[in-house]
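To start, the structure itself, in C-alpha cells.
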Amino acid sequence: MKIGYPCINRSIGCSSGRTFRLASYSDERLITTVAGNLTCLQRILEWNIENRIGFFRITSDIIPFASHPICTLPWKEHFQDELEVIGGFIRDSGMRISMHPDQFIILNSPDEKVVSRSIDELMYHADLLDGMNLDRTAKIQLHVGGVYGDAEQSILRFIRTYKNLDSVIQNRLVVENDDQRFTTADCLKIHEETGIPVLFDVFHHSCNNTGEDTGEMLDMTGRTWGNGDGIPMTDYSSQHPEKRAGSHTEHIDPDDFRCFLTISRPYDIDIMLEIKDKEKSAMEAVSIAGSDPRFG
DNA sequence: CAGTGTCAAGGTGGA
DNA sequence: TCCACCTTGACACTG
C-alpha cells in the first residue's frame, strides 16, 4: 500500500505545471517551460521519497499544449534524456504513478471531434509515460463522460470507443466512478465488456451509488485489475464541511481516514488523496497509516 | 508592482 | 439560448 497526492507540492516552492497563454506560444517558450517543469517534477519526486510518499499523480500540464495542433515540436525526442532520468528515478524508488486528464477529455461524446481531440490528449499522456519507460502499472484515469440524456447509450459509446483505442492507451487507461453521473456499478459493467480496470473513488461512491457498500466495491473493483496493471488504485477524499455535497475537504479528516483504512484492510490498494492541501494531508495520512501492516 | 480578468478544450442545469 | 458552475492556479494585462 502506498499513499499519494496529486500534481502539486506547496512545500517546495516550484511548480511542475507552469504554463502560458496559447497566444504567446512559441517553440522556445515551450522548451523553457517544459525544462522547468521537468526539473521541478524531479524535485517533487525526491521530496516524496524523503517523506515516505510512494504514490504521485503527475500533472497533465507538464507539457503545455502537447496535443494542441499548434505544438509541432517533437517534445518526446527533445526531452528524451530528461524523461529517461525521471523514469529511472521513479523505477528505482518504487514510486507509483498516475495521471488524470481533465474535464475536457471525454471519450463518449456524441461529437466525434471532441472524441478525436480527447484521444489525441490521451496519446500525449501515454507518450509521456512511455517516454519515461514506465511499465503499464503507471495509469491514466478517466471518467466515463457525459450522459447526454441517455446513460445507457452513453456507456455503450464509451465501450465502442475504448475498443478502438490504440493499445498504447488501452494499456494504461482505467475508468473511475464520478460523483454525479456514472456509478461504480456502471464502471464495473464497462469492465465486463472491455476488461478495463476500474479505479474506485471512495468519496464519489459515497455521493453516487446504488446501495453497494464500500467494502464490497473495493473487492469488486480490485478484481478488475489484471496482472500487469499493478496494485489497484483508489481515490480517497471526504466531504468539505461547508460546501456542496461532493466538494473535497481542505484537509484530511483523520477519523474518516482511519475508518477507511479499517474498511479497506482486507485489500492491498494504493491510495490517492484528493484533498486540497495536497502533501500536508498526505504526510498526515502516512503517519496515520504507519501502523497498518500493508504500509511499508 | 499590485490587482485582477481571463485562460484550449465539455457537460450540466437553472434562468 | 445563455450563463454560472465544476475546480484551480497562475498568466499576463491594466493602471
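What you are looking at is a predicted structure, and each value in this text was computed from that prediction instead of being measured. Just so you know, these numbers use all the heavy atoms, side chains as well, and skip hydrogens, waters and symmetry mates. Chain letters run A, B, ... following the sequence lines, proteins first, then strands; residues in each count from 1.
- Closest to the side chain of A:Phe20, from the set C:dC11, C:dT7, C:dA10, is C:dC11.
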Does the side chain to side chain contact (heavy atoms under 4.5 Å, CB included) test come out yes or no for A:Phe65 and A:Thr33, once each step is laid out? CA-CA 11 Å; A:Phe65 306 109; A:Thr33 302; over 6 Å; no

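- One can place CG of A:Asn37 at 12 Å from C1' of C:dA10, the figure rounded to the nearest angstrom.
- Going from atom CD of A:Gln103 over to atom P of C:dA4 covers 16 Å, rounded to whole Å.
- The closest side-chain donor-acceptor pair between A:Gln141 and A:Asp201, if any, does not fall under 3.5 angstrom.
- A:Arg117 comes within 4.0 angstrom of sugar-phosphate atoms only, judged by non-hydrogen atoms across all strands, and of no base.
- With distances taken from any side-chain atom of A:Ser15 to the nucleotides B:dA9, B:dA8, C:dA10, the minimum falls on C:dA10.
- Of the candidates B:dA9, C:dA12, C:dG9, C:dG9 carries the atom nearest the A:Arg10 side chain, counting heavy atoms from C-beta on.
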Pairing pattern in dot-bracket form [Watson-Crick, G-U; both distances under 3.5 Å; | = partner strand] for DNA chain B: |||||||..||||||

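- At C:dC11, one or more side-chain N or O atoms of A:Arg18 fall inside 4.0 Å of OP1 or OP2 (strictly under the cut-off).
- For A:Ser109 and B:dG11, the shortest distance from a side-chain N or O to OP1 or OP2 is below 4.0 Å.
- Computed from coordinates, the A:Gln153 CD to B:dG11 P distance equals 16 Å when rounded to whole Å.
- Across all strands, A:Ser118 comes closer than 4.0 Å to no nucleic acid atom at all (heavy-atom distances).
- Taking atom C1' on both nucleotides, B:dG10 is separated from C:dC11 by 22 Å, rounded to a whole Å.
- Counting only heavy atoms from C-beta on, A:Arg29 has its side chain closest to C:dC11 among C:dC11, B:dG11, B:dA8.
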Step-by-step side chain to side chain contact (heavy atoms under 4.5 Å, CB included) determination, A:His248 to A:Phe203: CA-CA 9 Å; A:His248 294 176; A:Phe203 180 48; 3.4 Å; yes

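- The separation of C:dC3 from B:dT6, taken at their P atoms, amounts to 13 Å, rounded to a whole angstrom.
- Of the candidate nucleotides C:dG9, B:dG11, B:dT12, C:dG9 has the atom nearest to the side chain of A:Ile8.
- The side chain of A:Arg21 has C:dA12 as its nearest neighbour among B:dG11, C:dA12, B:dT12.
- Using a 4.0 Å cut-off between a side-chain N of Lys or Arg and a carboxylate O of Asp or Glu, A:Lys139 and A:Asp229 qualify as a salt bridge.
- Not a single donor-acceptor pair, N or O on each side, falls under 3.5 Å between the base of B:dT12 and the side chain of A:Arg181.
- Minimum atom distance to the side chain of A:Glu121 is reached by B:dA8, of the listed B:dA8, C:dT7, B:dG10.
- When each of B:dG10, C:dC11, B:dA8 is scored by its nearest atom to the side-chain atoms of A:Thr19, the top-ranked nucleotide is C:dC11.
- Between A:Phe104 atom CZ and B:dT12 atom P the separation is 14 Å, expressed in whole Å.
- For the P atom pair drawn from B:dG5 and C:dC5, the interatomic distance equals 15 Å after rounding to whole Å.
- Ring-plane geometry between A:His204 and A:His143 is classed as tilted, the angle between the planes lying from 30 to 60 degrees on a 0 to 90 degree scale.
- In this structure, the nucleotide among C:dT7, C:dT8, C:dA10 sitting nearest to the side chain of A:Lys276 is C:dT8.
- At a cut-off of 3.5 Å, with distance as the only test, a side-chain donor of A:Ser264 or A:Arg294 sits close to an acceptor on the other residue.
- Nearest nucleotide to the side chain of A:Phe65, out of B:dA9, C:dT7, B:dA8: B:dA8.
- Enclosure of atom CE in A:Met220 is not indicated, since only 12 or fewer non-hydrogen atoms of other residues, nucleotides or ligands lie within 6.0 angstrom.
- Atom-to-atom, CG of A:Asp120 to P of B:dA8 comes out at 18 Å; the value is rounded to the nearest Å.
- Across all strands shown, A:Tyr148 has heavy atoms under 4.0 Å from sugar-phosphate atoms exclusively, and none from any base.
- No side-chain N or O of A:Thr262 forms a donor-acceptor pair with one of A:Arg265 less than 3.5 Å apart.
- Donor-acceptor pairing under 3.5 Å is lacking for the side chains of A:Asn177 and A:His205.
- Between B:dG11 and C:dG9, the distance separating the two C1' atoms is 22 Å to the nearest Å.
- When the P atom of B:dA9 is taken as reference, atom CG of A:Asp111 falls 14 Å away, rounded to whole Å.
- OP1 or OP2 of C:dA12 lies within a sub-4.0 Å distance of a side-chain N or O belonging to A:Ser24.
- Rounded to whole Å, the distance from CD on A:Gln180 to C1' on B:dG14 is 14 Å.
- One interatomic measurement links the two molecules: NE2 of A:His204 to C1' of C:dT7, which rounds to 11 Å at whole-angstrom precision.
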